[in-house]
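See structure below.
Quick caveat: nothing in here was measured; it's all calculated off a predicted structure.
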Amino acid sequence: MSWTLEPAMLPDLARGAALLGTGGGGDPYTGRLMVEAAMAEHRPVTVLSPDELDDGDFVISTAMMGAPTVMVEKIPKGDEAVRALRALERHLGRRADATIPMECGGINSMIPLAVAAATGLPVIDGDGMGRAFPELQMETFGVYGVRASPMVVAGDHDESVLIDCGSDNARVEWLARGCCIRMGGAALIAEYPMSGADVKRTAIPGTLSLALALGRTLREARDSRVDPVEALAAALEGTLYRHVRRLFEGKVVDVERRTVDGFTRGRIRIAAFHGPSVLEIAVQNENLVARRDDRVVAVVPDLICVLEADSGEPITSETLRYGQRVRVIGISTPDLMRTPEALAVFGPRCFGLETPFTPLEEILPQGG
């Protein structure tokens, strides 16, 4: 069922998107400001369920790509995503009927909303990652047969690049990453042109609604002084993300972070409040694997989320700092993201990790 996204909903949506982004997906605050500005100038946004699409409808995904640390300082000009969309429409000779997020994390839950406010297009309540991933081929759209290209990369100097690699989605990522680096390390894109039938077959449904609900849950838990992890577990029960586990609580004692090849890479070390235990998280834009005293307690594609200890506010990888008091939780991904086909595209080995994928609820069957 369709619904209208109003400006007052954006803080909760940004908070929930930051949670589902598992540390990555870009700065949700920047994205929220972009949507607020677009709504103020144009209109609120209509959000459609995938089931409301006709099979023959034409949908294009819009997003930001690049290193999240760059986007914090290199604010978009504002028109890049719409320019990318229009350029792709011209190339394909067809206007889009809707846009859809490529991922449900951070700024990339927001970019399609800004596009929708500016163009009048509806946004589909779903996405192609069910979280955030660092590379363009790492989408359920591509896993289940949709081509990433033709796609357009647009920069803040009015430039745009059309890329078409046929069915080779990994090569699309490689070429687009090079363009993005030369555009300053962050750019806006239009990709994965697909039919309404493709959306219904390949997207993770309901993730915008879920992000909104989770952001509201965290806010209400903070205001009511309720344990945010317990509140999140209750909110996720019965959803596609049904398992929540407490992984660690402690203080950030070391953050290694660098921008390499268009990605934010590094690691985070967190020391327990009491005792010698340590949690280490490996990062490539997003949190990939968490090891507690060298034992793996969660691994991609399951979500590893860092929360501020008292408020439960999600902390993105680019805003983690020495001395922060945090809680780390794991959230299980939808079954569509755990198939052999999906793990071949965004499982641990795709990030150079030797750790095989084991579902969160099997690693920690009783909550950790």
Side-chain angles (χ1 to χ4, degrees), residues 5 25-26 30-39 41-48 50 53-54 56-66 71 75-104 106-129 136 139 141-142 146-165 169 172-173 175-177 179-180 183-184 186-196 198-199 202-203 208:
L5 179 69
T30 300
R32 170 189 153 191
L33 294 180
M34 292 173 65
V35 181
E36 286 178 349
M39 284 186 173
E41 184 176 353
H42 300 287
R43 59 185 69 80
V45 173
T46 298
V47 181
L48 298 181
L53 286 168
D54 292 333
D57 282 343
F58 184 48
V59 180
I60 295 175
S61 179
T62 48
M64 165 262 179
M65 75 175 296
M71 184 63 88
I75 305 300
K77 178 182 175 183
D79 66 346
E80 297 95 326
V82 173
R83 283 196 292 107
L85 173 76
R86 295 307 189 205
L88 186 54
E89 289 176 327
R90 287 194 299 272
H91 175 72
L92 294 171
R94 185 175 179 185
R95 299 285 278 202
D97 297 301
T99 187
I100 186 171
M102 76 171 188
E103 62 188 8
C104 61
I107 199 171
N108 274 333
S109 286
M110 298 291 164
I111 296 298
L113 303 175
V115 170
T119 63
L121 291 174
V123 176
I124 305 306
D125 190 358
D127 75 283
M129 293 184 181
L136 299 183
E139 306 195 29
F141 304 146
V146 179
R147 294 183 177 186
S149 67
M151 72 166 289
V152 172
V153 185
D156 57 4
H157 292 280
D158 297 329
E159 73 272 50
S160 62
V161 177
L162 175 71
I163 296 173
D164 193 341
C165 296
N169 291 348
V172 171
E173 155 65 31
L175 288 170
R177 190 68 53 179
C179 293
C180 179
M183 290 177 183
L188 281 295
I189 61 174
E191 58 161 3
Y192 283 97
M194 69 190 103
S195 68
D198 288 331
V199 172
T202 67
L208 280 175

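Considering Leu113, Ile107, Val115 as possible partners of Met34, the one that fulfils the side chain to side chain contact (heavy atoms under 4.5 Å, CB included) test is Ile107.
Here Arg32 contributes atom CZ and Met39 contributes atom CE; the two are 11.5 Å apart, rounded to the nearest 0.5 Å. Note that CG of Asp57 and CD1 of Ile124 are 8.0 Å apart. Values are rounded to the nearest 0.5 Å. Within the model, atoms CD1 of Ile100 and CG of Leu53 stand 8.0 Å from one another, a figure rounded to the nearest 0.5 Å. Of the inter-residue distances, the one linking Leu162 atom CG with His91 atom NE2 reads 4.5 Å to the nearest 0.5 angstrom. The CE atom of Met102 sits 5.5 Å away from atom CG of Leu136, with the distance rounded to the nearest 0.5 Å. In this structure, the separation between CG on Leu188 and CG on Asn108 is 8.5 Å, given to the nearest 0.5 Å.
A donor-acceptor contact shorter than 3.5 Å is absent between the side chain of Asp156 and the backbone of Pro76. Between the side chain of Thr99 and the backbone N or O of Val123 there is no donor-acceptor pair closer than 3.5 Å. Between the side chain of Arg83 and the backbone N or O of Gly155 there is at least one donor-acceptor pair closer than 3.5 Å. Put simply, the side chain of Asp127 never gets that close to the backbone of Pro101: no donor and acceptor are under 3.5 Å apart. Looking at Asp54, its side chain never comes within 3.5 Å of a backbone N or O of Gly56 through a donor-acceptor pair. Put simply, the side chain of Thr62 never gets that close to the backbone of Ala190: no donor and acceptor are under 3.5 Å apart.
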CA sep, side-chain torsions, deciding dist, call: Met64, Met110, side-chain contact (heavy atoms from CB on, under 4.5 Å): CA-CA 10 Å; Met64 165 262 179; Met110 298 291 164; over 6 Å; no

Tell me, with the steps shown, if Glu191 and Glu139 meet side-chain contact (heavy atoms from CB on, under 4.5 Å). CA-CA 11 Å; Glu191 58 161 3; Glu139 306 195 29; 2.8 Å; yes

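Scanning for side chain to side chain contact (heavy atoms under 4.5 Å, CB included) contacts around Arg86 gives Val82, Glu89, Arg90, Arg95, Thr119, with sequence neighbours left out.
Scanning all heavy atoms of the two residues, the minimum distance from Val153 to Cys179 falls at CG1-CB, 4.3 Å. Between Pro150 and Leu92, the shortest heavy-atom contact is CG-CD2, 3.6 Å. The shortest non-hydrogen separation linking Ala38 to Ala114 is CB-O, 3.8 Å. Shown here for Arg43 and Ala116, the closest heavy-atom pair between the two residues is NH1-O, 4.1 Å. Nearest heavy atom pair, residue Val172 against residue Ala148, reads CG1-CB, 4.1 Å. Residues Gly66 and Cys180 approach most closely at CA-SG, 3.7 Å, considering heavy atoms.
Annotation: side chain of Tyr192 is not in contact with side chain of Asp198 (no heavy-atom distance under 4.5 Å). Looking at heavy atoms from C-beta onward, Leu121 lies in side-chain contact with Leu85 at the 4.5 angstrom threshold.
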